[in-house]
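So the structure is just underneath, and the comments pick up after that.
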Protein chains: 2
Amino acid sequence: MDTRRSDLIADDLEDEIATGALEDGARLDEMALAARFGVSRTPIREALQRLASTGLVEQRPRRGVFVAQPGPVELLEMFEVMAELEGVCVRLAADRLTDEDLTALEDANVACAQAVSDGDADQYYHANERFHLRLYAACGNGFLESEARRLHRRLKPYRRLQLRLRGRMDQSLQEHRAVLTALRDGNGIDASSALRAHVSVQGEKFHRLIAEMRRT
Amino acid sequence: MDTRRSDLIADDLEDEIATGALEDGARLDEMALAARFGVSRTPIREALQRLASTGLVEQRPRRGVFVAQPGPVELLEMFEVMAELEGVCVRLAADRLTDEDLTALEDANVACAQAVSDGDADQYYHANERFHLRLYAACGNGFLESEARRLHRRLKPYRRLQLRLRGRMDQSLQEHRAVLTALRDGNGIDASSALRAHVSVQGEKFHRLIAEMRRT
DNA sequence: GTCAAGCTTTTTGTATACAAGATGTTTTCT
DNA sequence: AGAAAACATCTTGTATACAAAAAGCTTGAC
C-alpha cells in the first residue's frame, strides 16, 4: 500500500527528528540524504515536503530545510492543546460512547494497572497509548479522532520522556480511573476536566523536566 | 518570499477545489495540469502533495490523486471540531487576553454590526473573520492559534455559503456580543459555551442546507 | 588589516528522460 | 460467444540534466 519510497524515507526522517538524532536547526542536505538512502533527490524532496507540512522541519525557499524542534514554549503549548483536545473527546464520548468503547477502555486501564504493579514503564506506555487512542475513537467524530491522533503522534517522544518521572505512572492510573468513573456516569463535564488535568499535568511535569535539564 | 511555483499552483488548485470548480472524485491529471500551468510535472507533483497533506485530495499510490470533497457527515464533524476549538480558544482567552485583544474584538464586532445594518453579507463575512481570527490570537497559545486558523481556512467556502441563510447575520452578531460580555467579565465558561453554540449552529444550519439541497 | 566587489562553488528549483506498475484492448482458447 | 491471457498504452514514480539563486572564496582597494 505504500509503494512510494518517499513515504518510507519520510517515516525514517520523522523518527530521527523525533528521537532527537537530528538536532534543532540542523540542515537536511538533499544530496547527502539521497546518497544515504541510495535514491535520487526526487524522493528525498517529496519526503522533506511531507515533513514540512507536519511542522517537523522548516522549509526556507532557496535556502533548504532545517529541523524545527519545538522549543519549551512551543512544547507546552502543544501539550495544552493535547489536553484540551482530549477533554473535548471525552466530553463528547460521555454522550456517545458504545458499550464496546467502555469495555475497551476498561481493558486498557486494567493493562495499565498491571504495568504499574509490574513496574514496567514500557508496558505502561503501550497500555496508556491504547487507552488514549480508544478515547479518541469513542468521541464519535472521525475528524476529531484523526486530529487527536495526529497531535498524539507528534508528542510521542516527549511523552515517553516523562513517564520516567517518579510516581508518574501511579498517578496517571488514578487519573484514568477518575475519567472512567465519570464516563460510566455519562458525566461529560467531570470526565473532561479530569482528563484535561491528566494531560496538562504532563505539560507541567515536562516543564519541570526542562528546568532540570537546563540546570545540568 | 514564495518563489516556488509549486506553492502558487497549490494555492490555485486549492481555490478551485474550495469553490467546487473541481468536483468530488475528479482525477487531477499531472500532465494536463502541467500543460495548463505551463510547467513541467515536477512542480505539479509538489503542489498535489501539499494538497494531499491538508486533506483536500486523496493520493492513491500508482493510481493518481483525486479530489476529496468532504461529505455531509465529514463536514458536520469538522464544524463540530471548529466549534470546540473556538470554545477552547475563548476559554483560555478569558484568562489571558490583553486590553488590545479586547478592543480589537470589540472593533471587529462594531464592523459586524455596521455590516448588518448595511445588509452587506460580504462586509459581514470579512468583519466576522476578523473577529474570529483575533479570538484565536487572544488565546495566548500560538500553536492553538495556528491549528484554529488551519481549520478555519479549510471550512472557509462552506461558512461563506451559509451566511446567505435568512437572519443568520443578525443572530451571529448577537452571539458575538454574548461572547464579548463573558470575556469582559473574565468568565471563560460562559464565553466558551456561548461561542460553541455560535459555531455549532453553523453546523446545524449547514445540515439544513444540505437537506434542502438534496430536495432540489 | 579590513572591507567590499566580483567570481567560483554549491545547492535549490525545474525540466526532461527513463522505469515500472496499472489500465484497456485485442486475441486466442474453450 | 464468453472468458482469460497476452499485449499495447498510459500514467505514475524515480533518475538525471540543466538553470538560477544563494553561499563561500578570492582578490583588490583603502
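Given the structure is predicted, the values throughout are model-derived calculations rather than measurements.
Side-chain contact between V81(B) and V88(A): absent, with no pair of heavy atoms (C-beta onward) separated by less than 4.5 Å.
Protein atom CZ of R27(B) is 6 Å distant from nucleotide atom P of dT11(D), rounded to whole Å. In this structure, the CG atom of L48(A) is 13 Å from the C1' atom of dT11(C), given to the nearest Å. Rounded to a whole Å, the CD1 atom of I44(A) is 15 Å from the C1' atom of dT11(C). For M31(A) and dA23(D), the CE to C1' distance is 14 Å, given to the nearest whole Å.
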Produce the list of close N/O pairs, under 3.5 Å, pairing protein atoms with atoms of nucleotides 13-18 of chain D; give distances to one decimal.
from: dG13(D); atom 1: OP1; to: R62(B); atom 2: N; distance (Å): 3.0
from: dG13(D); atom 1: OP2; to: R45(B); atom 2: NH1; distance (Å): 3.0
from: dG13(D); atom 1: OP2; to: R45(B); atom 2: NH2; distance (Å): 3.3
from: dG13(D); atom 1: O4'; to: R62(B); atom 2: NH1; distance (Å): 3.4
from: dG13(D); atom 1: N7; to: R41(B); atom 2: NH2; distance (Å): 2.8
from: dG13(D); atom 1: O6; to: R41(B); atom 2: NH1; distance (Å): 3.1
from: dT14(D); atom 1: OP1; to: R5(A); atom 2: N; distance (Å): 2.7
from: dA15(D); atom 1: OP2; to: S40(A); atom 2: N; distance (Å): 2.6
from: dA15(D); atom 1: OP2; to: S40(A); atom 2: OG; distance (Å): 2.9
from: dA15(D); atom 1: N7; to: T42(A); atom 2: OG1; distance (Å): 2.9

Do any side-chain atoms of residues 139-151 of chain B form donor-acceptor pairs under 3.5 angstrom with protein atoms, and if so which ones, sequence neighbours left out?
from: N141(B); atom 1: OD1; to: F143(B); atom 2: N; distance (Å): 3.0
from: N141(B); atom 1: OD1; to: L144(B); atom 2: N; distance (Å): 2.9
from: N141(B); atom 1: ND2; to: E77(A); atom 2: O; distance (Å): 3.1
from: N141(B); atom 1: ND2; to: E80(A); atom 2: OE1; distance (Å): 2.9
from: S146(B); atom 1: OG; to: F143(B); atom 2: O; distance (Å): 2.8
from: E147(B); atom 1: OE1; to: R150(A); atom 2: NH2; distance (Å): 3.0
from: E147(B); atom 1: OE1; to: R150(B); atom 2: NH2; distance (Å): 3.0
from: R150(B); atom 1: NH2; to: E147(A); atom 2: OE1; distance (Å): 3.0

Side-chain atoms of residues 61-76 of chain A: list all donor-acceptor pairs with protein atoms under 3.5 Å, sequence neighbours left out, distances to 0.1 Å.
from: Q69(A); atom 1: OE1; to: Y158(A); atom 2: OH; distance (Å): 3.0
from: Q69(A); atom 1: NE2; to: I17(A); atom 2: O; distance (Å): 2.8
from: Q69(A); atom 1: NE2; to: L22(A); atom 2: O; distance (Å): 3.3

| query | Hey, mind stepping through R5(A) and E46(A) against salt bridge (charged side-chain N to carboxylate O under 4.0 Å, His left out) and telling me if it holds? | reply | CA-CA 9 Å; R5(A) 290 196 199 290; E46(A) 299 197 346; over 6 Å; no

| request: Apply side chain to side chain donor-acceptor pair (under 3.5 Å) to the pair Y136(A) and E86(A), showing each step before the final yes or no. | output: CA-CA 7 Å; Y136(A) 307 158; E86(A) 296 208 0; 2.3 Å; yes

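Note: R154(A) CZ to E14(A) CD = 8.5 Å, rounded to the nearest 0.5 Å.
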